[in-house]
Amino acid sequence: MTSSQNGFSTRAIHAAQEPDARTGAVNVPIYLTSTYQLEGIEKHRGWEYSRVNNPTRDALEANIAALEGGASGHAFASGMAAIAALVTMLNTGDHVICGHNVYGGTTRLFSQVIVRHGIEFSWVDTSNTDNVRKAIRPTTKLVHIETPTNPVMTLTDIRAVADICHEHGIPLSVDNTFMSPYFQRPLEHGADVAMHSTTKFLNGHSDGLGGMLVTNNAKLAESFRFVQKCTGGILSPFESWLVLRGVKTLAVRMRQHDANGRAVAAFLVKHPKVSNVLYPGLESHPQYELAKRQMSGFGSMIAFEVGSRANADKLLQAVRVITNGESLGGVESLISHSATTTHASLSDEERRSIGITEGLVRISVGIEDIDDILGDLDQALGKT
Ligand SMILES: Cc1ncc(COP(=O)(O)O)c(C=O)c1O
């Protein structure tokens with residue numbers, strides 16, 4: 001049995017993953033079953049139907065909750081399904097404050113889908129916490145932030161925003177996808193929900209989509225459980241198992257991502273063809289002090305400027321070890337052009353206002369040998 005006293009890696013490997021009671025198998029089986037034998041009317045062994053719960057998903061939910069320091073986890077079919085679940089329980093007329101440069105898919109969901117249900121949104125630069133205070137209305141029912149943001153790596157002080165939210169009884173959710181619980185645990189800083197696209201660092205191998213909401217708030221937990229049951233956008237047993245497997249190596253992967261991320265940032269800063277390197281681990285980052293306070297590492301997400309869309313195109317076509325691809329958080333290094341991928345759904349003006357230029361490129365530094373990553377970047381930048 002693991003406990004909250006155990007270290008991070010021990011919890012990652014063992015929490016909710018006791019050897020199988022029947023066979024002793026050390027891995028949680030993939031329970032490919034839609035339904036369960038009942039023992040009588042209204043009598044069951046804890047499982048009735050897999051949309052409601054499934055032992056493989058249960059193990060993943062409890063495992064990630066243990067890593068985030070939360071009471072319960074709720075797994076969804078993707079990060080977007082998790083974010084959709086967050087707002088599904090709101091009512092017409094409710095108001096949400098959302099960070100103004102969150103992942104483009106979040107902006108698209110809120111501004112093109114959820115808004116049609118009469119829920120109002122304020123898009124706020126939450127790096128200045130006064131903006132959050134000013135945006136609060138009597139109808140505000142949720143504050144949702146991302147820190148660091150995708151792709152410009154702006155931080156928000158979670159503790160300061162949580163304090164403001166709690167003065168008004170408003171829950172705060174934090175998209176923790178970029179840092180993973182290894183480097184940042186929003187609930188410890190007062191947030192009510194830690195949200196993840198498990199597709200990224202938690203899974204870590206770019207072989208499955210998934211989303212997670214972790215909370216310490218019993219009322220929110222109940223509503224997330226209810227949304228899982230009602231809307232059915234839950235994570236499959238197989239993909240739950242993939243994330244469970246990935247998470248076992250989260251600590252070692254994150255340490256290597258962080259080491260490689262620092263090395264790539266240092267290399268880019270000195271490169272003559274690169275400007276404006278955005279990485280919270282650089283002393284030049286305007287929120288370096290907050291980064292050190294709020295996170296225990298800086299991760300491996302870096303954005304940088306190569307001057308034009310044409311240069312970005314040349315760079316992305318020239319990479320050989322690094323892959324030109326849209327996602328992040330896998331063992332392999334991925335590079336992408338934010339304006340035409342993750343933030344394509346925003347208008348030119350919206351992108352400009354949050355600093356996403358045509359020459360901005362984002363790299364998710366993988367855990368390949370650092371000399372190979374740097375060599376590849378150097379030769380590819382030579383083509384720009
Ligand atoms: C920070 C962040 N949040 C949420 C998402 C959405 O996750 P998914 O692609 O698993 O739906 C992404 C996807 O890139 C992301 O980067």
Side-chain angles (χ1 to χ4, degrees), residues 60 64 68 73-88 98-114 126 142 144-156 158 173-181 183-184 186 191 193-214 227 231 233-236 238-240 242-243 246-247 257 278 280 295 299-303 323-330 332 334-346 354 356 360-366:
L60 175 67
I64 305 296
E68 283 286 4
H74 307 268
F76 294 86
S78 66
M80 289 319 305
I83 296 173
L86 259 181
V87 289
T88 299
C98 185
H100 78 319
N101 63 353
V102 292
Y103 168 59
T106 306
T107 312
R108 179 176 53 203
L109 171 71
F110 289 172
S111 64
Q112 296 184 40
V113 179
I114 305 299
T126 58
L142 176 72
H144 178 72
I145 63 171
E146 207 174 286
T147 180
T149 59
N150 182 355
V152 294
M153 306 305 289
T154 306
L155 272 60
T156 291
I158 301 173
S173 78
V174 178
D175 186 331
N176 198 26
T177 299
F178 270 27
M179 281 300 121
S180 90
F183 284 139
Q184 176 172 272
V193 181
M195 177 263 144
H196 282 278
S197 165
T198 65
T199 313
K200 318 301 182 189
F201 290 100
L202 287 180
N203 175 308
H205 295 76
S206 305
D207 52 12
L209 297 182
M212 182 72 66
L213 300 175
V214 177
V227 176
T231 66
I234 40 88
L235 196 62
S236 73
F238 181 62
E239 282 179 314
S240 297
L242 280 178
V243 183
V247 162
H257 277 297
L278 305 171
M295 306 166 356
S300 68
M301 298 304 300
I302 306 169
T323 303
N324 174 7
E326 207 174 302
S327 195
L328 61 107
E332 64 288 301
L334 292 173
I335 195 162
S336 63
H337 181 239
S338 301
T340 52
T341 56
T342 53
H343 288 68
S345 62
L346 271 59
I354 57 176
I356 301 178
L360 191 78
V361 168
R362 184 192 78 185
I363 182 166
S364 166
V365 182

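Counting convention: from 1, in listed order, for ligands and their atoms alike.
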Chemist: Going by heavy atoms in the side chains, are Q184 and F178 under 4.5 Å from each other?
Modeler: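 Q184 vs F178: side chains apart.
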
Chemist: Would you say E332 and S206 are linked by a side-chain donor-acceptor pair, where the criterion is simply a distance under 3.5 Å?
Modeler: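 Judged by distance alone, the side chains do pair up.
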
Chemist: Does K200 come within less than 4.0 angstrom of ligand 1, counting non-hydrogen atoms of the residue?
Modeler: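 Yes; K200 lies near enough to ligand 1 that a heavy-atom distance drops under 4.0 Å.
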
Chemist: Compute the minimum heavy-atom distance from G210 to ligand 1 and say whether it is under 4.0 Å.
Modeler: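 Per 4.0 Å heavy-atom rule, G210 contacts ligand 1.
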
Chemist: Pick one of side chain, backbone, both or neither for how E146 approaches ligand 1, counting any non-hydrogen atom pair under 4.0 Å.
Modeler: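 It is the side chain that touches ligand 1; the backbone stays farther off.
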
Chemist: Ligand 1 versus T342, non-hydrogen atoms closer than 4.0 Å: side chain, backbone, both, neither?
Modeler: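 Under 4.0 Å from ligand 1, T342 contributes no heavy atoms.
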
Chemist: Considering only non-hydrogen protein atoms, determine which one is nearest to atom 4 (C) of ligand 1 and report residue, atom name and distance to 0.1 Å.
Modeler: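 Of the protein heavy atoms, D175 OD2, 3.6 Å lies nearest.
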
Chemist: Of the non-hydrogen atoms in H144 and S173, which two are nearest, and what is the gap between them?
Modeler: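 H144 and S173 have their closest heavy atoms at ND1-OG, 2.6 Å.
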
Chemist: Starting from atom 16 (O) of ligand 1, locate the nearest protein heavy atom and write down its residue, its atom name and how far away it is, to 0.1 Å.
Modeler: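 Result: N150 ND2, 3.1 Å.
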
Chemist: Does an N or O anywhere in T106 fall below 3.5 Å from an N or O of ligand 1?
Modeler: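 For ligand 1, there is no N or O atom that lies under 3.5 Å from one belonging to T106.
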
Chemist: Could you identify the single nearest non-hydrogen protein atom to atom 10 (O) of ligand 1 and state the distance to 0.1 Å?
Modeler: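 Looking at atom 10 (O) of ligand 1, the protein heavy atom closest to it is T199 OG1, 2.6 Å.
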
Chemist: If you have a sec, work out which protein heavy atom is nearest atom 11 (O) of ligand 1 and how many Å separate them, to one decimal?
Modeler: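 So the nearest neighbour among protein heavy atoms is M80 N, 2.9 Å.
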
Chemist: With a 4.0 Å cut-off on heavy atoms, does T149 reach ligand 1?
Modeler: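 No heavy atom of T149 comes that close to ligand 1.
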
